[in-house]
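As structure tokens, the structure follows; a few thoughts come after it.
Both counts, for ligands and for their atoms, begin at 1 and track the order of listing.
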Amino acid sequence: MTDVSHEGERLQKVLARCGVGSRRVCEDLIDEGRVTVDGEVAILGRRVDPLTAVIEVDGVLIPAAPGLVHYLLNKPAGVVCTASDPQGRPTVLDLVPEDPRVFTVGRLDAETEGLLILTNDGQLTQLLAHPSFGVEKEYLAEIDRTLTSGALRKLRDGVELEDGMTAPAKVALVAEHLVRIVIHEGRNRQVRRMCEAVGSTVVRLVRTRIGPLTDPTLPPGSWRPLSFDEVVALSTSATTGDKAPLRR
Ligand code: URA
């Protein structure tokens with residue numbers, strides 16, 4: 001059990017401010033032993049420094065530090081995910097507010113469109129970057145030919161790429177030249193290379209979902225902040241493999 005310290009802010013106040021629930025609800029969560037701070041079960045009366053504490057409820061990371069931002073961007077084609085580009089192409093950082101400085105969570109290649117998360121939340125980025133991070137990423141790929149049932153089966157089972165076999169994927173033919181591919185790895189140009197490995201070329205690639213996050217109404221080039229529930233759902237899907245989000 002964690003010692004009660006007299007420094008920092010009361011844990012239930014921090015949790016309530018983050019949107020976990022009312023102070024009373026947060027006190028109950030602490031009382032029920034569902035809240036940990038830096039990996040230890042917290043007791044009522046616990047104070048924390050929200051800037052540095054790793055706070056989890058039911059094992060799900062709570063974004064508690066003040067000033068954290070989480071953006072969902074619909075990246076257009078021709079925009080790069082690096083901070084600057086030697087070829088002078090626009091970067092995703094040109095599309096979101098300059099301040100506070102944010103980083104991409106994973107990357108899309110320059111020609112790939114669709115959903116991308118940008119944040120200054122180091123704890124969440126670390127969680128999502130961990131090798132065990134298995135959040136699903138869904139893509140719609142327009143390809144230059146119709147895939148045979150054999151090619152579809154190979155894509156589902158795993159194909160040999162120069163950096164090794166791909167993990168099993170969910171693959172569905174949506175239309176003659178359109179395939180939906182769901183993967184949980186994040187290798188460089190993975191979907192394009194998977195399609196090449198079965199003899200087809202991707203002519204357009206759009207990421208339509210990251211774990212629980214989708215937004216068909218977000219126009220290309222636009223971003224919006226993620227809600228607290230979306231951030232928690234994302235952490236949940238990374239830590240517990242898409243189990244039910246926090247019960248309030
Ligand atoms: N697969 C690709 O080929 N490109 C991306 O940007 C993401 C996944």
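Taking only nitrogen or oxygen atoms, main chain and side chain alike, Arg189 reaches within less than 3.5 Å of ligand 1. At a 3.5 angstrom cut-off on N or O pairs, Arg192 counts as close to ligand 1.
Within the 4.0 Å heavy-atom criterion, both parts of Asp109, backbone and side chain, lie near ligand 1. The proximity of Val202 to ligand 1, defined as any non-hydrogen pair under 4.0 Å, does not occur for either the backbone or the side chain.
A donor and an acceptor atom, one from each side chain of His177 and Asp144, are nowhere located under 3.5 Å apart. Side-chain contact annotation: Asp229 with Ser227, donor-acceptor N/O pair under 3.5 Å absent.
Set against the non-hydrogen atoms of Leu205, the atoms of ligand 1 under 4.0 Å away are 1 (N), 2 (C), 3 (O), 4 (N). The contact set between ligand 1 and Tyr139, taken as ligand atoms under 4.0 Å from a residue heavy atom, comprises 7 (C), 8 (C). Those atoms of ligand 1 with a heavy atom of Thr112 less than 4.0 angstrom away are 4 (N), 5 (C), 6 (O).
In this structure, the protein non-hydrogen atom closest to atom 1 (N) of ligand 1 is Val191 N, 3.0 Å.
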Test log, rule side chain to side chain contact (heavy atoms under 4.5 Å, CB included), inputs Leu155 and Leu147: CA-CA 10 Å; Leu155 287 174; Leu147 292 175; 3.8 Å; yes
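Here the options are Arg192, Arg189, Lys75, the test is side chain to side chain donor-acceptor pair (under 3.5 Å), and the partner is Thr112; only Arg192 passes.
In this structure a side-chain-to-backbone donor-acceptor pair under 3.5 Å is present from Arg193 to Asn188.
In this structure, Val69 is not a member of the same hydrophobic cluster as Leu234, with clusters built from ILVMFWY side-chain heavy atoms closer than 4.5 Å.
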